[in-house]
Amino acid sequence: MTFAAKILTLYPEMFPGPLGISLAGRALAEGKWSCDAVQIRDFATDKHRSVDDTPAGGGAGMVMRADVLAAAIDAAVPENMPLLAMTPRGKPLTQDRVRALAAGPGVAILCGRFEGIDERLFEARAIEPVSIGDYVLSGGELGALVLLDACVRLLPGVMGAPSSGDEESFESGLLEYPHYTRPAEWEGRTIPEVLRSGDHAKIAAWRKSQAEIDTRSRRPDLWERHVGARVQSPSGARQKKEE
Ligand code: ADE
């Protein structure tokens, strides 16, 4: 089954862009996924082909018009396809959401530009607003590429060694453990002895503890959730956390 990506954008030439090379590019050439970028401007109806207008209530910049975007959606997005809109006002993208999308028929992504999208569009169509992080990009296209990259690498037969997906960051709610490779000594620094011991149980325990140490210091938000999940009783009621 082909994972279908449908992107609604003012810059279709940005797709597949970097996803046309390497792992995703090979998968695209092999038909494991498809990438169809639709020009939103083709659905404008006035003689200037305008897709935006000034914000109601005043203020800086321009707002994308609901009528033009709805026409693009209704013409280009199949009923069964989840429809996401890239916006810094969206819910943060997670590996869980990526995994669910990758398991489905594909995804349609509306790329916002200018100051934003007329809010009535979100009320009138089933659109999930998604953000890729707490910073502002000049448009949703790079966010769409990020989301597609994360989905495509999970498609069956795309990732070289499937097992490398199971242990990686976020799959267990923790950051992944650190990696090392040859040379055994570099600039006076050696590889942790345990990794050269051949003792697989000891190596697994060391990796788990490193993942915990790094998550705790770099991502206290993930660590809190991880610890919270561990003190959840079987009935689901929260118990008092240990210090
Ligand atoms: N468009 C502009 N900023 C964005 C962000 N952080 N995530 C998704 N789309 C965006």
Side-chain angles (χ1 to χ4, degrees), residues 3-20 24 33 35-44 50-73 76-77 81-104 106-155 168-170 175 218-222 225:
F3 180 85
K6 176 89 66 177
I7 304 104
L8 277 58
T9 171
L10 291 171
Y11 300 99
E13 61 276 22
M14 287 179 74
F15 297 88
L19 300 184
W33 69 292
C35 185
D36 178 23
V38 175
Q39 172 57 268
I40 292 168
R41 203 173 290 282
D42 290 347
F43 296 89
S50 56
V51 294
D52 59 339
D53 210 331
T54 54
M62 300 291 272
V63 177
M64 292 181 95
R65 288 169 55 145
D67 56 345
V68 177
L69 292 175
I73 291 167
V77 181
M81 213 184 244
L83 172 58
L84 279 51
M86 284 293 155
T87 160
R89 278 170 38 81
K91 264 175 80 172
L93 183 63
T94 63
Q95 188 66 18
D96 279 348
R97 189 70 192 106
V98 165
R99 210 180 301 111
L101 287 170
V107 62
I109 311 173
L110 172 59
C111 300
R113 279 268 157 181
F114 317 121
E115 286 308 303
I117 296 167
D118 188 318
E119 191 63 20
R120 292 171 295 175
L121 185 75
F122 292 92
E123 297 159 13
R125 299 290 182 278
I127 302 176
E128 179 183 338
V130 172
S131 164
I132 63 156
D134 291 342
Y135 39 79
V136 182
L137 306 168
S138 50
E141 286 78 8
L142 286 174
L145 288 167
V146 165
L147 178 121
L148 290 174
D149 180 88
C151 288
V152 167
R153 63 187 287 282
L154 296 184
L155 299 177
E168 67 191 6
S169 290
F170 310 117
L175 300 183
R218 295 177 187 180
R219 292 293 303 273
D221 57 324
L222 286 184
R225 203 179 316 150

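First listed ligand is number 1; within each ligand, the first listed atom is number 1.
- Counting atoms of ligand 1 from 1 in the listed order, those under 4.0 Å from a heavy atom of M86 are 8 (C), 9 (N).
- In this structure, atom 6 (N) of ligand 1 lies nearest to the protein heavy atom Y135 O, 2.8 Å.
- Listed for the W33 side chain is no donor-acceptor partner under 3.5 Å among the backbone atoms of L148.
- Looking from atom 9 (N) of ligand 1 to the surrounding protein, the closest heavy atom is T87 N, 3.2 Å.
- Heavy-atom separations between G133 and ligand 1 include at least one value shorter than 4.0 Å.
- You'll find the side chain of L154 reaches within 4.5 Å of the side chain of R99, heavy atoms only.
- Considering only heavy atoms from C-beta on, Q39 stays 4.5 Å or farther from Y11 through its side chain.
- Nearest protein neighbour of atom 3 (N) of ligand 1, counting heavy atoms only, is L137 N, 3.0 Å.
- In this structure, I117 and I127 have side chains that are not in contact, with every pair of non-hydrogen atoms separated by 4.5 Å or more.
- Between S131 and L93, every side-chain heavy-atom pair lies at or beyond the 4.5 Å cut-off.
- Counting atoms of ligand 1 from 1 in the listed order, those under 4.0 Å from a heavy atom of G139 are 1 (N).
- When each of R89, R97, K91 is checked for a salt bridge (Lys or Arg N to Asp or Glu O under 4.0 Å) with E128, only R97 meets the rule.
- Considering only non-hydrogen protein atoms, atom 10 (C) of ligand 1 sits nearest to P88 CD, 3.6 Å.
- Nearest to atom 7 (N) of ligand 1 among the protein's heavy atoms is I132 N, 2.9 Å.
- For G143, the closest heavy-atom approach to ligand 1 does not fall below 4.0 Å.
- Each of I7, L145, V130 was compared with M86 under the side-chain contact (heavy atoms from CB on, under 4.5 Å) criterion, and only V130 meets it.
- Proximity of V130 to ligand 1, defined as any heavy-atom pair under 4.0 Å, is confined to the backbone N, CA, C and O atoms.
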